[in-house]
Novice: 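If you scroll down you'll find the structure; I have some questions about it.
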There are 2 protein chains.
Amino acid sequence: MTDLSIGRLATLSGVKVPTIRYYESIGMLDAPPRSPGGQRRYDDDHLEQLRFIRHGRELGFGLDDLRALQDLSARPDRPCEEADGIARKQLAEVERRIAGLEAVRRELERMVERCSHGVVDECRVIQTLSDHHLCAGDHAPDHQTALRDT
Amino acid sequence: MTDLSIGRLATLSGVKVPTIRYYESIGMLDAPPRSPGGQRRYDDDHLEQLRFIRHGRELGFGLDDLRALQDLSARPDRPCEEADGIARKQLAEVERRIAGLEAVRRELERMVERCSHGVVDECRVIQTLSDHHLCAGDHAPDHQTALRDT
DNA sequence: CCTAATTGCTATAGCGACTAGAGGTTCAAG
DNA sequence: CTTGAACCTCTAGTCGCTATAGCAATTAGG
Ligand SMILES: [Zn+2]
Ligand SMILES: [Zn+2]
Ligand SMILES: [Zn+2]
Ligand SMILES: [Zn+2]
């Protein structure tokens with residue numbers, strides 16, 4: 001209806017142009033009709049769909065989960081058990097990551113605070129990396145808990 | 001000295017065999033001598049080096065930072081400013097991620113709690129994803145703050 | 001109507017830090 | 001000496017994008 005170019009859709013949704021095309025390529029976003037010259041022309045439904053995806057990404061859902069949630073929202077009469085389950089799973093995951101990061105934060109704080117800022121050989125940062133026994137607690141108890149990313 | 005196979009090194013260090021080979025391939029871990037048949041033979045220095053890397057990874061440092069920290073620890077007479085700087089940068093990054101995840105956690109909690117578990121059309125989870133105005137605060141204020149990963 | 005600037009198109013490769021698999025070789029125990 | 005576990009290299013896949021190259025279409029101004 002509104003006939004949006006991909007750039008306009010990007011502006012309105014807050015999702016970058018290449019990302020929009022990427023979403024289409026993996027089947028996350030419906031492929032829109034094209035102009036006579038082959039350019040994508042979106043409507044308000046696409047905008048809504050894209051905002052849904054963006055919001056979900058901001059809340060940390062993976063694209064697979066968002067696909068499932070999208071599918072569910074297209075069937076409004078069904079019970080919402082599955083949607084709630086996905087959200088609870090996501091919450092648990094976020095809590096797990098926070099716990100891991102908190103443990104890491106405490107250790108980083110400790111090593112930064114305790115360094116007397118002399119030479120490398122006496123540097124608490126380097127010493128701690130060389131020897132986990134200088135750590136106060138257990139960060140990352142399971143192998144590879146929680147970091148990286150933007 | 002101790003002549004460790006890659007499997008033994010993996011066990012002792014807690015780093016998986018393919019990851020050890022990967023580290024060597026990108027120059028993170030010194031390439032060890034080989035047995036007559038071409039298999040890797042490590043010593044205690046390799047083990048120490050690998051534990052350093054692993055500990056650093058657990059604390060969330062990127063491999064680039066760890067390379068820099070490794071280089072520094074090889075020059076014990078230099079001032080530790082740079083090492084401390086890397087650690088403080090990492091601490092700031094971790095704090096940033098925690099803040100982002102906390103915001104996300106609050107919203108996820110909110111949507112899960114408020115759902116009355118009826119049909120999808122009335123599901124607070126789906127509704128919230130469709131409309132950020134149902135959120136209480138601002139999660140992910142800058143574009144793309146902080147999730148994913150194990 | 002014509003031109004120039006902007007925006008759009010496809011296709012491919014790269015990021016970080018691994019992980020998985022195929023298909024073959026070496027080693028160590030019995 | 002035989003067997004089977006552990007090792008080797010190489011390639012491709014993961015996740016969610018982002019960047020680049022080399023074009024084509026659109027749009028605003030004159
Ligand atoms: Zn220091
Ligand atoms: Zn530690
Ligand atoms: Zn619900
Ligand atoms: Zn929101």
Side-chain angles (χ1 to χ4, degrees), chain A residues 3-29 31-42 46 50 53-68 90 93 97 140 142-150, chain B residues 3-29 31-42 46 50 53-68 90 93 97 140 142-150:
Chain A
D3 228 32
L4 304 158
S5 71
I6 197 170
R8 189 101 185 81
L9 184 70
T11 306
L12 294 174
S13 66
V15 177
K16 287 178 194 156
V17 168
T19 306
I20 295 173
R21 286 196 282 249
Y22 167 71
Y23 285 162
E24 183 185 327
S25 80
I26 60 166
M28 277 300 295
L29 183 65
R34 301 289 184 117
S35 74
Q39 301 193 356
R40 291 168 178 82
R41 295 296 172 233
Y42 296 95
H46 289 106
L50 196 47
I53 295 169
R54 195 207 169 190
H55 200 200
R57 290 292 300 127
E58 285 175 356
L59 293 168
F61 290 96
L63 293 178
D64 283 355
D65 282 346
L66 287 176
R67 226 186 301 248
Q90 179 60 18
E93 178 61 19
R97 283 178 199 172
D142 42 359
H143 83 302
Q144 237 146 151
T145 305
L147 306 181
R148 205 164 321 143
D149 215 272
T150 357
Chain B
D3 229 31
L4 304 157
S5 72
I6 196 169
R8 189 103 186 80
L9 183 70
T11 305
L12 293 175
S13 66
V15 177
K16 288 177 193 157
V17 169
T19 305
I20 295 173
R21 288 197 280 247
Y22 167 70
Y23 285 161
E24 183 185 324
S25 81
I26 60 165
M28 277 299 297
L29 183 65
R34 302 288 185 119
S35 75
Q39 301 193 355
R40 291 169 179 83
R41 294 297 172 234
Y42 296 94
H46 290 106
L50 195 48
I53 296 168
R54 195 207 170 194
H55 198 200
R57 290 293 300 127
E58 284 176 358
L59 292 168
F61 290 96
L63 293 179
D64 283 354
D65 282 346
L66 287 175
R67 226 185 300 246
Q90 179 60 18
E93 178 62 21
R97 283 178 198 170
D142 44 358
H143 82 303
Q144 232 144 157
T145 305
L147 307 179
R148 205 164 318 142
D149 216 275
T150 1

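Letters A, B, ... mirror the listed sequences (proteins, then strands); counts begin at 1. Atoms considered below: every heavy atom in the structure, side chains included; atoms not considered: hydrogens, waters and symmetry mates.
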Novice: At less than 4.0 Å, is any side-chain N or O atom of S35(A) found next to OP1 or OP2 of dA25(D)? Yes or no.
Specialist: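 For S35(A), the contact criterion (side-chain N or O under 4.0 Å from OP1 or OP2 of dA25(D)) is not met.
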Novice: Could you pick out which residue, G38(A) or Q39(B), lies toward the 5' side of DNA chain D when each is mapped onto its nearest nucleotide?
Specialist: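 Nearest nucleotide further toward 5': that of Q39(B).
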Novice: Over how many whole Å does the gap from I6(B) atom CD1 to dC8(D) atom C1' extend?
Specialist: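 Value for this atom pair: 9 Å.
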Novice: What is the distance, to the nearest angstrom, from the CG atom on D3(A) to the C1' atom on dT7(C)?
Specialist: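 To the nearest whole Å, that distance equals 15 Å.
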Novice: Find the distance R67(B):CZ to dA17(C):C1' and express it as a whole number of Å.
Specialist: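 It is 12 Å, rounded to the nearest whole Å.
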Novice: Is Q90(B) reaching over with its side chain to a backbone N or O of G60(B), donor-acceptor style, under 3.5 angstrom?
Specialist: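 Between the backbone of G60(B) and the side chain of Q90(B) there is a qualifying donor-acceptor contact (under 3.5 Å).
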Novice: Under 4.5 Å between any side-chain heavy atoms of L50(A) and Y42(A), yes or no?
Specialist: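 Result no, sub-4.5 Å side-chain heavy-atom pair not found.
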Novice: Please report the distance, rounded to the nearest Å, between CZ in F61(B) and P in dG16(C).
Specialist: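 Distance check: F61(B) CZ to dG16(C) P gives 17 Å.
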Novice: Does a side-chain N or O from R34(A) land closer than 4.0 Å to OP1 or OP2 of dT10(C), or not?
Specialist: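 Checking dT10(C) against R34(A), a side-chain N or O does come within under 4.0 Å of OP1 or OP2.
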Novice: Could you list the residues that satisfy ring pair (Phe, Tyr, Trp, His ring centres under 6.0 Å) with H55(B), not counting sequence neighbours?
Specialist: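 Counting only residues at least two positions away or on another chain, H55(B) forms a ring pair (Phe, Tyr, Trp, His ring centres under 6.0 Å) with H132(A), H139(A).
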Novice: Find the distance K16(B):NZ to dT14(D):P and express it as a whole number of Å.
Specialist: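 Rounded to whole Å, this separation is 17 Å.
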Novice: How long is the line joining CD of E58(A) and C1' of dG16(D), in whole Å?
Specialist: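 So the two atoms are 15 Å apart, to the nearest Å.
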Novice: Could I get a table of every N or O pair under 3.5 Å where one atom is in the protein and the other is in nucleotides 11-13 of chain C?
Specialist:
none

Novice: Tell me the interatomic distance from L63(B), atom CG, to dC18(C), atom P, rounded to whole angstroms.
Specialist: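 Spelled out: CG on L63(B) to P on dC18(C) is 5 Å.
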Novice: Can you tell me which nucleotide in dT10(C), dC27(C), dC17(D) comes closest to the side chain of R40(A)?
Specialist: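 My answer, after comparing the listed nucleotides, is dT10(C).
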Novice: Hey, can you pull the residues of residues 20-29 of chain A with a non-hydrogen atom under 4.0 angstrom from DNA chain D?
Specialist: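 Hits under 4.0 Å, by residue number: Y22(A), Y23(A).
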Novice: Let me know the distance between CG of L9(A) and P of dC9(C), rounded to the nearest Å.
Specialist: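 One finds 11 Å between P of dC9(C) and CG of L9(A), rounded.
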